[in-house]
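Heads up, the thing below is written out as structure tokens.
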There are 2 protein chains.
Amino acid sequence: MLSQKTRYTIRALQHLADRWREGPVRLDAIASEQNIPRKFLTVILSEMVREGLVISHRGRDGGYELGLAPVDIRYGDIIRLTRGSLALVPCASRNAHEHCNNCLPEADCRLRGLMLTLRDETAAMLDRVSLADPIALEAAFVVEGEQG
Amino acid sequence: MLSQKTRYTIRALQHLADRWREGPVRLDAIASEQNIPRKFLTVILSEMVREGLVISHRGRDGGYELGLAPVDIRYGDIIRLTRGSLALVPCASRNAHEHCNNCLPEADCRLRGLMLTLRDETAAMLDRVSLADPIALEAAFVVEGEQG
DNA sequence: AGATAACTCTACTGATAAGATAGACAACGC
DNA sequence: GCGTTGTCTATCTTATCAGTAGAGTTATCT
């Protein structure tokens, strides 16, 4: 699961992407329109500023705007920044690799082999979609009763 | 990320799959060979028995064996059983759907649209692979320096 | 310059869940 | 009936997450 913080981050960035090149957007506007706790959002946006995805302007008429064009911010980037990894196990991460606890040697671990493949497919999908893309609000192929 | 418990579960089931039709395997054997804390494994295996994936035999020469043929236990099944969902957000789960906290109305949530698609692709992949399948220990296409 | 509207930073708190363990109990087989 | 093996429920500990507090910094307007 994505953490609440990651979800807030994505929604905040989407909000800014929708207002790209319209000047700084105030924190309070983002918080109220996106239904994100104000104080928590300050923490989130400050991190995004440090990462360079967002630019802030202080003082009167200040606020936030994206530091890159929406098309250059891919969902994969955001999740990697906030969650550290797209992988489902630490040992299958490509940029934040660590060994799992109480595991077998990595070379013998079949779970790892599977998770590496899965990570790559997930990354490929998330890196195809950017903040500039419209996203179908409902997946077109929802099948009633399917598992998941 | 998968929880430690889910990882232990998968490794334990793989262990049993590798010994399918060789008679019951004792808990201590699984624990030591798979490097899983013994007491924790009792909890895990008891749950699998309740779910029907594993059959237990008590007394002398007791132990555990799979309740279904390895080919009939797919990784997607195991993760759904232990984690509840394959989705990255609660509102994108197909069999354990719940609303996210502090979210926008679901119909307006672009994050949800994306996550629904991702969940379906993940599920498709995990449901193609069963405990009977050999798994490449390293994904063949690992690229040095790739992100993830 | 000063008031004010913004953002920034670090630390803290409270709640929850995860990982792991303990220990009494139940079945099985010789 | 005795040892072996699994079953169940409660508990402990620790880490993480969500969210808050509050003092500090910068920019703008007048």
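Just so it is clear: chains get the letters A, B, ... in the order the sequence lines come, proteins before strands, and each one is counted from 1. What you are looking at is a predicted structure, and each value in this text was computed from that prediction instead of being measured.
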Handout entry: Inter- and intrachain pairs under salt bridge (Lys or Arg N to Asp or Glu O under 4.0 Å), touching residues 34-46 of chain B, at least two apart
Key =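 Non-adjacent pairs meeting salt bridge (Lys or Arg N to Asp or Glu O under 4.0 Å): D28(B)-R38(B).
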Practice task
For residues 43-58 of chain B, pull every pair meeting salt bridge (Lys or Arg N to Asp or Glu O under 4.0 Å), keeping only residues two or more places apart or in separate chains.
Solution key: K5(B)-E47(B)
Practice task
Please list, in 5' to 3' order, the outermost nucleotides of DNA chain D lying under 4.0 Å from any heavy atom of chain B.
Solution key: dT4(D) to dG19(D)
Exercise for the section: Find the distance between OG1 (T9(A)) and CZ (R11(A)) and round it off to the nearest 0.5 Å. Expected result: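 Going from OG1 on T9(A) over to CZ on R11(A), the span is 10.0 Å.
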Practice task
Drop me the distance from I79(A)'s CD1 to T6(A)'s OG1, to the nearest 0.5 angstrom.
Solution key: 7.0 Å
Round to a whole Å and report the spacing from [atom1] of [X] to [atom2] of [N].
X: N101(B); N: dA15(C); atom1: CG; atom2: P; result: 16 Å
X: R60(A); N: dA3(C); atom1: CZ; atom2: C1'; result: 9 Å
X: R26(A); N: dA5(C); atom1: CZ; atom2: C1'; result: 9 Å

Exercise for the section: Identify whether the distance between the nearest side-chain nitrogen and carboxylate oxygen of D18(B) and R110(A) falls below 4.0 Å. Expected result: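 Salt bridge: yes.
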Practice task
Please determine if E33(A) and R26(A) form a salt bridge, counting it only when a charged side-chain N lies under 4.0 Å from a carboxylate O.
Solution key: no
Practice task
Report the residues that fulfil side chain to side chain contact (heavy atoms under 4.5 Å, CB included) with H57(B), sequence neighbours left out, ordered by chain and then residue number.
Solution key: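 If we apply the side chain to side chain contact (heavy atoms under 4.5 Å, CB included) test to H57(B), skipping adjacent residues, the hits are P24(B), I55(B), E65(B).
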Practice task
Tell me whether L13(B) is reachable from W20(B) by hopping between hydrophobic residues (I, L, V, M, F, W, Y) whose side-chain heavy atoms are closer than 4.5 Å.
Solution key: yes
Exercise for the section: Following the transitive rule for hydrophobic clusters with a side-chain heavy-atom cut-off under 4.5 Å over Ile, Leu, Val, Met, Phe, Trp and Tyr, establish whether L2(B) and L104(A) coincide in one cluster. Expected result: no
Problem - S56(A) side-chain N/O to dT8(C) phosphate OP1/OP2 under 4.0 Å - result: yes
Handout entry: Heavy-atom check, side chain of R7(B) versus side chain of C103(A), under 4.5 Å
Key = no
Problem - Side chains of D127(B) and Y75(B), donor plus acceptor under 3.5 Å - result: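 Checked: D127(B)/Y75(B) side chains show no N/O donor-acceptor pair below 3.5 Å.
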Exercise for the section: For N102(B), answer base if it contacts any base atom (sugar-phosphate contacts may also be present), sugar-phosphate if it contacts only those atoms, and nothing otherwise; contact means non-hydrogen atoms under 4.0 Å. Expected result: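 Sugar-phosphate, no base atom in range.
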Exercise for the section: Kindly say whether, by distance alone, the side chain of R58(B) makes a donor-acceptor pair under 3.5 Å with the base of dA26(C)? Expected result: yes
Completion exercise
Contact check, residues 7-17 of chain B vs DNA chain C, heavy-atom distance under 4.0 Å, returns Y8(B)
Practice task
With a 4.0 Å heavy-atom cut-off, tell me which residues in residues 29-47 of chain A come close to DNA chain C, sorted by residue number.
Solution key: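 Heavy-atom contacts with DNA chain C come from S46(A).
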